[in-house]
Novice: 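Take this structure first; my questions come after.
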Amino acid sequence: MEIKVIEAPPEKRKAKPGDESKLGFGKFFTDHMFTMTWRTGRGWHDPLIEPYRLLQLDPTAMCLHYAQEIFDGLKAYRGKDGALFLFRPMENIRRMNVSAERLCMPKIDEGVILEALTKLILVDRDWIPRGSGTSLYIRPTMIATEPALGVHPSNEYLFFIITGPVGAYYPEGFSPTRIYVTEEYCRAVPGGTGFCKAGGNYEASLYASQIAKDMGYTQVLWLDAIERKYVEEVGTSNMFFLIGDELITAPLKGTILPGVTRDSVIQLAGSWGVKVSERRLAMDEVMAAIAGGTLKEAFASGTAAIVSPVGQIYFRGVEHAIGGGKTGPLTERLYNEILQIQYGMKDDPFGWRLKIAD
Ligand SMILES: *Cc1c(COP(=O)(O)O)cnc(C)c1O
């Protein structure tokens, strides 16, 4: 399939954000987007890079009613010499197809997605910020567009990719977060869609997140839905605890999102000789480790922040400090290492970096 490109005329181009320290996340979008449609009997067709625009949807478009919607998220990084890099993009692309299958949506050829996002990034290359730690966020999304109210897999879909410049996550250095453990609400159940980046998972998480925010916490720590005992994820990130010399994260059993950053942390820490365990970790064990002084570090992992240190954890009415509320050395080392690989400042022993332009 040939990707057609319609460039935005100069008068339709937006002003780029001037101050890169105020980019934040998800506030600015570039001049172009990628779109491609699918229909039963016809498959994917009309791949197009076109000026960024509003979508026209029938009010009965199925995504608006039954949340047949998936997305993914990755970034493009500008190296010191101007080269552009993606970080393990095939992982995101494969994950998007895993999400598609679970939601009865059509898969997309992996090569087509990679070509689409690479081409789109290059068309909007001038939008990629230059400041330290800044990047271009890439959001591939698929929605069910068939106008129909009966509950069934849609017969029409739109796949689109939008991109936008985002700021450095830690412009003033690490700031450890405070997390709130909920035993009342859960995010995903075994047999459900917790392993997919599907809109419905996030809508279900808002209520507990709001309670946590109202109490002054950054994120919710989710426990397993059945026993409400085992640590699963934190907010929209994966969760790691360093207890003694063991780095522990929840196993991939269908209720947590298989994060690309999670996998990178596991491989990197393992290569440094850290004992990494993907196993169930009960809150009782976390509390015992805090009481016994063996809980050294805790952090969340995800594309947005790479790793985000956790300084305080609230459980059953009591707040506990982790690592004296400070960022631990392993957390910091993982952050620096992954960041330097992403921006081409270091060699890339795992072959994670994909250079898309010099
Ligand atoms: C996106 C996401 C993550 C992190 O995945 P990365 O690939 O590392 O960005 C973790 N948990 C949830 C629920 C997510 O949506």
Side-chain angles (χ1 to χ4, degrees), residues 25-26 67 69-77 86-100 102-103 113 117 135-142 163 166 169 177 179-180 182 185-190 192-209 212 218-225 230-241 247 249-269 276 278 298-310 331 334-335 337-339 341-342 350 352-354:
F25 177 79
E69 186 269 356
I70 57 170
F71 63 94
D72 218 287
L74 66 161
K75 287 173 167 179
Y77 308 88
L86 297 174
F87 183 73
R88 310 185 72 185
M90 295 319 288
E91 300 298 320
N92 297 86
I93 290 170
R94 276 184 219 120
R95 185 168 72 190
M96 184 109 189
N97 275 334
V98 169
S99 300
R102 177 63 178 83
L103 271 80
I113 303 183
L117 56 90
S135 56
L136 185 80
Y137 185 74
I138 305 158
R139 170 57 62 93
T141 309
M142 196 197 302
T163 69
V166 296
Y169 206 85
T177 57
I179 62 174
Y180 174 94
T182 177
Y185 301 99
C186 59
R187 191 190 87 90
V189 297
T193 57
F195 62 98
C196 306
K197 272 207 190 282
N201 292 337
Y202 302 85
E203 138 263 293
S205 74
L206 295 176
Y207 194 81
S209 302
T218 330
Q219 294 284 8
V220 171
L221 183 83
W222 302 102
L223 303 180
D224 76 285
Y230 300 102
V231 172
E232 297 221 315
E233 293 196 79
V234 59
T236 57
S237 307
N238 296 112
M239 185 70 212
F240 287 83
F241 287 94
L247 183 63
T249 195
L252 301 179
K253 291 272 162 65
T255 54
I256 70 164
L257 205 282
V260 178
T261 321
R262 172 189 179 277
D263 185 72
S264 308
V265 165
I266 290 172
Q267 290 194 48
L268 258 184
V276 187
E278 295 177 67
F299 61 87
S301 76
T303 295
I306 306 180
V307 292
S308 171
V310 173
T331 308
L334 284 162
Y335 175 80
E337 191 79 12
I338 295 175
L339 182 122
I341 293 176
Q342 289 171 335
F350 300 92
W352 286 340
R353 204 158 54 208
L354 179 69

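Whatever order the structure lists ligands and atoms in, that order sets their numbers, starting from 1.
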Novice: Only heavy atoms of Arg95, strictly under 4.0 Å: list the atoms of ligand 1 that pass.
Specialist: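 Going through ligand 1 atom by atom, the ones under 4.0 Å from Arg95 are 5 (O), 6 (P), 7 (O).
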Novice: So between Glu233, Glu91, Arg88, whose heavy atom ends up nearest atom 12 (C) of ligand 1?
Specialist: Glu233
Novice: Under 3.5 Å between any N/O of Thr261 and any N/O of ligand 1: does that happen in this structure?
Specialist: yes
Novice: If we set the cut-off at 4.0 Å for heavy atoms, which region of Lys197 has an atom near ligand 1: side chain, backbone, both, or neither?
Specialist: side chain
Novice: Could you check atom 9 (O) of ligand 1 against the protein and tell me its nearest heavy-atom contact, residue, atom and distance included?
Specialist: Thr303 OG1, 2.6 Å
Novice: Apply ring-ring contact (aromatic ring centres under 6.0 Å, His included) to Tyr169 and Tyr335, showing your working.
Specialist: CA-CA 11 Å; Tyr169 206 85; Tyr335 175 80; 8.9 Å; no
Novice: Which heavy atom of the protein is the closest neighbour of atom 5 (O) of ligand 1, given with residue, atom name and distance?
Specialist: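 The closest heavy atom on the protein side is Gly259 CA, 3.3 Å.
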Novice: Counting both backbone and side chain atoms, is some N or O of Val260 under 3.5 Å from an N or O of ligand 1?
Specialist: yes
Novice: Could you tell me which atoms of ligand 1, counted from 1 in the order shown, lie closer than 4.0 angstrom to a heavy atom of Asn238?
Specialist: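 Answer for ligand 1: 4 (C), 10 (C).
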Novice: Below 3.5 angstrom, do we get any N/O pair linking Tyr202 and ligand 1?
Specialist: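 Between Tyr202 and ligand 1, an N or O pair is found under 3.5 Å apart.
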Novice: Would Arg262 count as a polar contact of ligand 1, with the cut-off being nitrogen or oxygen pairs under 3.5 Å?
Specialist: no
Novice: Does the plane of the ring in Tyr137 sit parallel, tilted or perpendicular to the ring in Phe25? Use 30° and 60° as the thresholds.
Specialist: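 Judged by the thresholds at 30° and 60°, the geometry between Tyr137 and Phe25 is perpendicular.
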Novice: Check whether any side-chain heavy atom of Phe87 sits under 4.5 Å from a side-chain heavy atom of Lys75, and report yes or no.
Specialist: no
Novice: Should the heavy atoms of other residues, nucleotides or ligands under 6.0 Å from CZ of Phe350 be counted, would the total exceed 12?
Specialist: yes
Novice: So for Gly73, does at least one of its heavy atoms come nearer than 4.0 angstrom to any atom of ligand 1?
Specialist: no
Novice: Test your reading of the model: is there a side-chain donor-acceptor pair from Asn201 to the backbone of Thr193, 3.5 Å cut-off?
Specialist: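 At least one qualifying donor-acceptor pair exists.
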Novice: Salt bridge (Lys or Arg N to Asp or Glu O under 4.0 Å) between Arg262 and Glu278: does it pass, once the steps are laid out?
Specialist: CA-CA 10 Å; Arg262 172 189 179 277; Glu278 295 177 67; 2.7 Å; yes
Novice: List the closest protein heavy-atom neighbour of atom 3 (C) of ligand 1: residue, atom name, distance to the nearest 0.1 Å.
Specialist: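 Going by distance alone, atom 3 (C) of ligand 1 is nearest to Thr236 O, 3.2 Å.
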Novice: With distance as the sole test, does Asn238 use its side chain to make a donor-acceptor pair with the main-chain N or O of Pro258 at under 3.5 Å?
Specialist: no
Novice: Under 3.5 Å, is there a donor-acceptor pair between the side chain of Thr177 and the main chain of Pro309?
Specialist: yes
Novice: For Arg187 and ligand 1, does the shortest N/O to N/O distance drop below 3.5 Å?
Specialist: no
Novice: Within the side chain of Thr261, is there an N or O that forms a donor-acceptor pair under 3.5 Å with the backbone of Thr303?
Specialist: yes
